[in-house]
Amino acid sequence: MKKMTAILCAATAALMLTACGAKKEETVSIEITDLAEELLETVTSDSLSETSESLIPSIYYLDEDAVASAVAYASSGATSCEVAVIESADTDDVETVEEKLQSRVDSQTELYSSYNQSEAARLDTAIIKSAGVYTVLCVCDDTDAAEEILEAYGF
């Protein structure tokens with residue numbers, strides 16, 4: 001009887017530990033244009049221009065089939081400020097989108113390091129976050145405010 005109780009307790013403990021390790025999937029649904037515009041208006045002081053949606057995959061080196069929709073704003077080159085919100089076609093594509101956005105930040109850092117150190121430093125605080133099928137890149141003046149906005153949207 002003691003042996004059976006010990007086995008039952010061990011099995012129960014194993015099940016409880018398995019349940020604790022389960023990751024809860026959050027469903028996030030946002031309007032990407034609203035998020036991009038709120039970031040644009042709140043956290044950047046530079047005048048950014050909207051990038052044509054058809055050009056976004058080539059700018060960020062994304063597979064067109066991996067992108068369901070996207071909105072991006074970028075500086076004329078005077079500053080490193082940039083806002084991009086990308087909706088992946090599938091959750092399997094999100095990690096790749098994050099990697100491509102990080103590559104963008106790295107290449108921009110290298111570029112700005114050659115002629116404008118303060119803008120290169122701004123890229124050191126670039127925000128790249130994902131939630132659900134959405135990934136955001138935000139290079140801005142006020143990263144604390146950007147983080148608050150992203151948190152409100154579920155990031």
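These numbers come from the heavy atoms of this one structure, side chains and all, not from hydrogens, waters or symmetry mates.
The CG atom of Asp46 sits 11.5 Å away from the SG atom of Cys140 when rounded to the nearest 0.5 Å. Once rounded to the nearest 0.5 Å, the distance linking CG of Asp106 with CG of Leu101 reads 11.0 Å. In this structure, the separation between CD on Gln102 and CG on Leu137 is 9.0 Å, given to the nearest 0.5 Å. In this structure, CD on Glu147 lies 10.0 Å from OG1 on Thr125, to the nearest 0.5 angstrom. The structure places CD of Gln117 at 11.0 Å from CD of Glu119, a figure rounded to the nearest 0.5 Å. Between the CG atom in Asp93 and the CD1 atom in Ile86 there is a gap of 11.0 Å [rounded to 0.5 Å].
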Below 3.5 Å, can you tabulate the donor-acceptor pairs from side chains in residues 56-65 to any protein atom, sequence neighbours excluded?
{"from": "Ser58", "atom 1": "OG", "to": "Leu55", "atom 2": "O", "distance (Å)": "2.8"}
{"from": "Tyr60", "atom 1": "OH", "to": "Glu82", "atom 2": "OE2", "distance (Å)": "2.5"}
{"from": "Asp63", "atom 1": "OD1", "to": "Asp65", "atom 2": "N", "distance (Å)": "3.2"}

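Leu150 has its side chain within reach of Leu35: a pair of non-hydrogen atoms, C-beta onward, lies under 4.5 Å apart. Side-chain contact check for Tyr73 versus Thr44: every heavy-atom pair is 4.5 Å or farther apart. Side-chain contact check for Ile32 versus Ser69: some heavy-atom pair is nearer than 4.5 Å.
At least one donor-acceptor pair under 3.5 Å links the side chain of Tyr112 to the backbone N or O of Thr79. Judged purely by atom type and a 3.5 angstrom limit, Glu87 has no side-chain atom pairing as donor or acceptor with the backbone of Ala68. Counting only distance, with no hydrogens or angles, the side chain of Thr42 and the backbone of Leu39 share no donor-acceptor pair below 3.5 Å. A donor-acceptor contact shorter than 3.5 Å is absent between the side chain of Thr135 and the backbone of Glu98.
More than 12 heavy atoms of other residues, nucleotides or ligands sit less than 6.0 Å from atom CD of Glu99. For Glu95, the CD atom is loosely surrounded, since the number of other residues' heavy atoms within 6.0 Å does not exceed 12.
In this structure Ser76 satisfies the side-chain hydrogen bond (donor to acceptor under 3.5 Å, both in side chains) test with no other residue, sequence neighbours excluded.
Under a hydrophobic clustering in which Ile, Leu, Val, Met, Phe, Trp and Tyr are joined whenever their side-chain heavy atoms come within less than 4.5 Å, directly or via other members, Val136 and Val94 fall into different clusters. Following chains of ILVMFWY side-chain contacts shorter than 4.5 Å, one can reach Val71 starting from Leu48, so the two form part of one hydrophobic cluster. By the criterion of side-chain heavy atoms lying less than 4.5 angstrom apart, applied directly or through intervening Ile, Leu, Val, Met, Phe, Trp or Tyr residues, Phe155 is grouped together with Val85 in one hydrophobic cluster. Side-chain heavy atoms closer than 4.5 Å link hydrophobic residues (I, L, V, M, F, W, Y) into clusters, and following such links, possibly through other members, connects Val43 to Tyr153. Connection of Ile128 to Val97 is established within a shared hydrophobic cluster, with ILVMFWY side chains joined at heavy-atom distances below 4.5 Å, either directly or through further cluster members.
Smallest separation of non-hydrogen atoms from Ser114 and Leu111: OG-O, 2.6 Å. Between Ala78 and Ser75, the shortest heavy-atom distance links the atoms N-OG, 3.5 Å. The minimum heavy-atom distance linking Val139 with Ala126 is given by the pair CG2-CB, 3.8 Å. Listed here is the closest heavy atom pair of Val28 and Gly154: CG2-O, 4.0 Å. Nearest heavy-atom pair, Ile127 versus Ala146, reported as atom, atom and distance to 0.1 Å: CD1-CB, 3.7 Å.
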